[in-house]
Number of protein chains: 2
Amino acid sequence: MRPTVHDVAEAAGVSLATVDRVLNRRAGVRSETIERVETAIARLGYVRDVAAANLAKSRVYRFAFIVPEGPNSFMRGLEREIELSGLRSRLERTDIRIIKVPPFDGAALAAALNGLETADLSGVALVAAGSPAVIAALERLHRRGVEIVTLVSDIEVVSRSHYVGIDNVAAGRTAAGLLGRFVGGRAGTIALVVGSMAVRDHVERCDGFRAVIAAEYPGLDVLPPLEGRDDARTAGRLLRDTLAARDDIVGLYSVGAGNRGVIEALRDRSASLPHIAVVAHELTDHARQALADGTFDAVINQDAGHEVRSAIRVLKAKVDGLPVIDAQETIRIEIYLRDNVP
Amino acid sequence: MRPTVHDVAEAAGVSLATVDRVLNRRAGVRSETIERVETAIARLGYVRDVAAANLAKSRVYRFAFIVPEGPNSFMRGLEREIELSGLRSRLERTDIRIIKVPPFDGAALAAALNGLETADLSGVALVAAGSPAVIAALERLHRRGVEIVTLVSDIEVVSRSHYVGIDNVAAGRTAAGLLGRFVGGRAGTIALVVGSMAVRDHVERCDGFRAVIAAEYPGLDVLPPLEGRDDARTAGRLLRDTLAARDDIVGLYSVGAGNRGVIEALRDRSASLPHIAVVAHELTDHARQALADGTFDAVINQDAGHEVRSAIRVLKAKVDGLPVIDAQETIRIEIYLRDNVP
DNA sequence: GCAATTCTGATTTACGTACCTCAGAGACTG
DNA sequence: CAGTCTCTGAGGTACGTAAATCAGAATTGC
């Protein structure tokens with residue numbers, strides 16, 4: 001049987017009230033006594049029963065999730081997952097609120113963060129767009145005891161924060177490894193379509209991609225990125241122009257949003273032209289279709305549901321002062337071909 | 001605030017004891033009264049607070065995990081993950097026991113199942129090797145109220161069971177999709193190395209693999225599988241013989257155990273010979289190395305840690321009579337290239 | 001040496017559920 | 001009509017912890 005506070009009290013030769021004070025860092029205990037209690041805790045291997053503690057406290061975890069608004073399919077999927085997890089979390093005394101902010105807009109994000117009612121808020125998860133104002137807002141929240149987790153895209157160090165998302169450099173390298181092999185020894189150029197070079201995740205993917213292509217596929221040239229800014233039409237137009245302007249394109253890496261436009265541009269190519277190998281990101285409905293009909297060869301994905309559940313677990317662990325299980329909280333870079341789409 | 005049993009009692013106009021009898025399916029309540037209580041539960045949206053219930057019951061979940069013994073790296077990794085989860089689960093009133101049985105041996109597995117003390121056992125997770133005796137033993141366990149989950153390899157229907165593992169047919173199809181592209185249009189034959197055609201997961205992978213190669217890569221021939229029987233030396237020897245006997249091999253799919261032998265056989269080939277594209281299963285230490293030095297092009301993996309945690313969650317949900325969240329419990333087919341190895 | 005202050009102990013209530021006992025109401029049997 | 005049986009209510013204790021109150025002990029300041 002696990003030891004309880006009663007056992008600790010007995011072992012330390014103090015009362016239950018004293019053990020409670022030590023455990024909950026309340027004042028009124030001599031340092032010598034604190035040490036006696038802590039020794040007893042260590043000796044017995046006592047661990048607080050979080051379920052019982054939360055019951056006694058009638059604790060409610062209150063978390064806010066901040067996501068960019070707009071047409072970005074991945075973000076909308078993320079939002080759905082947050083809603084779903086929020087519904088289920090009700091049963092576990094967890095209250096989750098979603099706050100939407102304009103994308104690519106540090107000032108708006110900072111304003112949203114500063115507008116949060118910190119009194120009964122225990123944690124914030126946000127898709128970070130870095131800016132000094134945002135960092136200041138996060139530091140302020142943290143000083144008020146709010147735990148912070150970055151989602152999908154990371155941001156410069158915030159004390160004691162945690163990042164839930166994939167390693168985007170590795171994702172870019174992986175895309176390069178796949179595309180390099182899919183191109184199959186042909187020489188030529190590779191086009192890049194990104195959402196915006198102003199968000200860190202896209203920049204990192206490009207960096208990783210270029211590094212591997214340069215090192216391992218000397219026959220391949222990578223063109224400068226086409227910026228679609230989360231708009232399918234823009235992305236499609238830019239790609240169409242590039243495809244029309246040159247005939248040496250053998251591969252395409254679609255780094256971020258705007259897949260719908262990319263798919264249309266590719267489908268409009270004449271069927272007699274040689275196949276362009278394509279690796280894209282995020283397994284949305286459009287991407288699934290493109291995989292099924294051969295327009296995309298592979299899709300790299302991060303599972304939004306996993307990310308949301310992981311963020312919630314991490315926030316809870318931090319609030320409860322428990323360790324985070326890294327192996328469980330690592331978000332994998334998922335690769336999908338036509339054959340392993342779930 | 002969530003409604004409690006008290007609210008339900010008041011709403012139904014009965015006493016707390018009666019609500020309790022209904023909730024816990026104890027005798028002594030008229031069916032008409034049961035209905036009144038259930039209506040109130042539905043109307044209020046009452047859900048039992050599992051944490052409080054477990055506290056009150058001083059419940060301890062007792063689970064047995066049955067895994068094959070022997071040198072199979074994946075199984076040893078699985079066992080480590082079970083131990084790890086077991087240690088952590090202690091804090092959540094969960095006691096996990098590991099039972100090892102000889103591999104590929106239905107009779108031994110059935111004997112182990114029949115030897116389980118069912119009195120205080122709430123669930124069993126097993127790497128299934130199907131046989132009538134095993135199925136009978138599982139049915140018996142299930143009649144005694146023990147929940148059953150199959151791990152990694154599934155088995156013919158057991159009432160109310162659950163399978164935690166990847167879709168092995170899809171894994172084989174995925175391997176074919178990768179290998180077909182990696183071979184890069186060359187014609188030739190593909191070798192298959194399996195553990196045993198007596199376990200269902202390996203058979204399914206081969207089926208999926210052959211189907212895609214036959215349909216999409218007409219230039220490629222697939223050789224009959226070489227059975228290594230979880231023994232690296234055997235697998236290595238068989239592959240070496242095949243490689244020596246023919247020079248038209250352009251690809252290899254290593255379906256199961258024995259990767260160490262496969263890797264050695266491949267490394268011993270003269271460096272002047274053309275590259276053989278290789279897709280293998282399970283990201284063990286040897287496989288990581290083979291990815292790093294280019295011996296393997298891709299590794300398909302199932303995350304043993306996820307599987308164990310999923311099995312525990314599913315067993316708990318079943319014991320508590322709660323629904324299983326399918327999206328969370330689906331085990332992904334992971335693809336690793338050199339660049340996304342964690 | 002007395003008061004004020006700080007520390008500690010004992011005890012109680014609460015969280016939401018499980019489970020037990022005891023008593024009584026009502027229906028049925030013979 | 002007494003006796004039995006089934007159903008229901010009332011109330012209590014327990015699970016492990018949090019948090020509060022009150023009282024007594026030890027320490028400090030003056």
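Reminder, nothing fancy here: chain letters follow the sequence lines and each chain counts from 1. The figures here come from the full heavy-atom set of this structure, side chains too, leaving out hydrogens, waters and symmetry mates.
- When every heavy atom of B:Gly123 is checked against every heavy atom of B:Val146, the shortest pair comes out as CA-CG1, 3.7 Å.
- Within 4.0 Å of A:Arg2, counting heavy atoms only, lies no atom of the nucleic acid at all.
- Proximity note for A:Asn24 (side chain, C-beta onward) versus D:dA18, D:dC15, D:dT8: the nearest is D:dA18.
- A straight line from CG of B:Asp20 to P of D:dA14 spans 17 Å, rounded to a whole angstrom.
- Spacing between atom CD of A:Glu10 and atom P of D:dG16 amounts to 14 Å, rounded to whole angstrom units.
- Rounding to the nearest 0.5 Å places CD1 of A:Ile312 at 4.5 Å from OG of A:Ser85.
- A:Ala311 approaches A:Val149 most closely through the heavy-atom pair CB-CG1, 4.2 Å.
- Contact annotation: the side chain of A:Val22 never approaches that of A:Val8 to less than 4.5 Å [non-hydrogen atoms, C-beta and beyond].
- B:Asn301 and B:Arg332 are not linked by any side-chain donor-acceptor pair at a separation below 3.5 angstrom, with hydrogens and angles left out of the test.
- When each of A:Arg21 and A:Pro3 is assigned the nucleotide of DNA chain D with its nearest heavy atom, A:Pro3 is the one assigned upstream, toward the 5' end.
- Counting all heavy atoms, side chain and backbone alike, B:Val101 lies closest to B:Ala108 at CG1-O, 4.4 Å.
- Within residues 42-56 of chain B, the residues that have a heavy atom under 4.0 Å from DNA chain D are, in order of number, B:Leu55, B:Ala56.
- When DNA chain C is scanned in the 5' to 3' direction for atoms under 4.0 Å from non-hydrogen atoms of chain B, the outermost contacting nucleotides are C:dG16 to C:dC19.
- The two residues B:Leu109 and B:Val127 make their nearest non-hydrogen contact at CD2-O, 4.2 Å.
- At whole-Å resolution of the value, CZ in A:Arg59 and P in D:dA18 are 10 Å apart.
- If you take CG of A:Leu23 and C1' of D:dA19, they are 13 Å apart, rounded to a whole angstrom.
- Note: A:Thr94 OG1 to A:Asn54 CG = 8.5 Å, rounded to the nearest 0.5 Å.
- For the pair B:Ile66 and B:Val124, the minimum side-chain heavy-atom distance is below 4.5 Å.
- For the pair A:Arg93/A:Arg59, no side-chain contact is recorded, criterion being any heavy-atom separation below 4.5 Å from C-beta on.
- One can place CZ of B:Arg93 at 11 Å from P of D:dC15, the figure rounded to the nearest angstrom.
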Secondary-structure notation, DNA chain C, from Watson-Crick and G-U pairs under 3.5 angstrom (| other strand): ||||||||||||||||||||||||||||||
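- Counting to the nearest Å, the P atom of D:dC7 and the CZ atom of B:Arg26 are 15 Å from each other.
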